[in-house]
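As the structure lists them, so they are numbered: ligands from 1, and atoms in each ligand from 1. We're numbering straight along the sequence, starting at 1.
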Amino acid sequence: MKTEVLNSDNAGLARAAVILSDGGLVAFPTETVYGLGADARNDRAVAGIYEAKGRPSFNPLIVHVASVEHARDYVEFNRSAEDLASAFWPGPLTLVVPLRPDSGISKLVTAGNDTLAIRVPHHPVARSLLTAFGGPVAAPSANPSGYLSPTTLEHVLLGLGGKFTAAIDGGNCSVGVESTIVDVSREPVLLRPGGIPKETLEDCIGRPLDQFSNPSNPTAPGQLVSHYATKAPLRLDAETVKEDEVYLGFHKCDGDMNLSPAGDLVEAAANLFLMLHDIDALADGRTIAVARIPMTGLGLAINDRLKRAAAPRP
Ligand code: TXA
Ligand code: MG
């Protein structure tokens with residue numbers, strides 16, 4: 001199969017919407033990372049996502065919709081869901097909420113759970129696509145399962161080109177780390193740190209947010225220990241670089257590349273996957289030493305991705 005590259009103009013978006021309606025797969029930009037989308041109600045289309053990515057089928061997908069109103073067709077909103085959606089949608093926040101019995105969402109999307117992970121992205125191309133299509137789009141990050149997430153069209157095509165129908169060219173993703181996932185089907189729990197900082201969510205709900213962690217059960221959604229893998233091994237919190245290593249710096253700890261010379265975590269998140277892709281190529285098998293990144297704001301998401309990238313591979 002040859003993957004068709006579409007412009008993000010009206011003609012390209014209309015074509016992408018037709019491909020989705022026909023059960024095809026479309027990669028599209030969001031503010032976080034590129035997603036590999038399919039009609040979330042179409043079993044065969046959703047199965048195609050798992051196949052293209054080589055993704056374990058027990059790992060459920062996030063559904064993307066154009067607005068909160070659309071979301072209500074598929075899930076039940078409680079108080080916390082309402083508060084968080086009105087504060088952060090459209091934006092890089094995914095809510096895990098009870099699935100409506102009449103939702104029509106494929107069981108492959110939820111991996112049989114009675115909850116659904118759902119978000120309204122804020123990227124104009126993603127929003128226009130969702131509006132043109134008019135239905136729910138299941139989309140994981142558009143990378144082979146377990147590898148670095150794509151923040152450019154080039155990453156998408158390098159990783160998965162030839163394995164799906166079309167990709168929309170939407171430039172680089174501005175946030176650069178995936179959405180924050182909060183389970184609000186019970187007492188709110190942070191399942192994955194991401195593009196909205198934990199502190200910002202806590203300010204909204206008015207209390208500390210528990211963080212889910214269950215390393216003894218790596219099949220629990222969102223908690224695969226080894227993920228975002230580079231080809232080269234990673235050494236984290238590196239104060240200095242050893243001989244025969246390459247160095248990914250931050251702030252004043254300068255290196256072969258620097259996530260943010262100014263020490264800005266928003267800039268570092270936007271550069272994270274971009275620089276991991278590039279420094280992995282530069283390393284050519286040598287270890288990548290990574291400077292220490294503070295654990296505040298987007299630093300929580302950055303450290304989470306780095307920790308999983310550095311974890312022993314299965
Ligand atoms: O920013 C993002 O969220 C990107 C863009 C494309 O929207 N998507 C993304 O999808 O990161 P993915 O598949 O790479 O990560 C989705 C995560 C997985 O860790 C999955 O286990 C978790 O969401 N998840 C999905 N449905 C869930 C559910 N019902 N309960 C708990 N976790 C769920
Ligand atoms: Mg992913």
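Atom-to-atom distance recorded for S179:OG and I118:CD1 is 12.0 Å, nearest 0.5 angstrom.
Counted within 6.0 Å of OH on Y147, heavy atoms from surrounding residues, nucleotides or ligands total 12 or fewer; the atom is thus considered open. Under a cut-off of 6.0 angstrom, the local environment of CD in E69 is crowded, with over 12 non-hydrogen atoms contributed by other residues, nucleotides or ligands.
Residue R55 touches ligand 1 through its side chain alone, judged by heavy-atom distances below 4.0 Å. At a 4.0 Å heavy-atom cut-off, ligand 1 touches T115 through backbone and side chain alike. Contacts between I181 and ligand 1 below 4.0 angstrom, taking non-hydrogen atoms only, involve the side chain exclusively.
Distances shorter than 4.0 angstrom occur between a heavy atom of L191 and an atom of ligand 1.
Backbone or side-chain N, O or S atoms of N143 do not reach the Mg ion (ligand 2) at under 2.8 Å.
Summarising the contacts of atom 26 (N) of ligand 1 with A117, G35, G112, the nearest heavy atom is found in A117. For atom 14 (O) of ligand 1, the candidate residues are A138, A111, S141; the nearest heavy-atom contact is made by S141. Of the candidates A139, G195, P121, G37, A139 brings a heavy atom nearest to atom 8 (N) of ligand 1.
Ligand 1 has an N or O atom lying under 3.5 Å from an N or O atom of R119, backbone or side chain. Not one N or O of T30 is nearer than 3.5 Å to an N or O of ligand 1, by distance alone.
Side-chain atoms of N172 and T151 include no donor-acceptor pair closer than 3.5 Å.
Between R207 and E202, none of the side-chain N atoms (NZ, or NE/NH1/NH2) sits under 4.0 Å from a carboxylate O, so this pair counts as no salt bridge.
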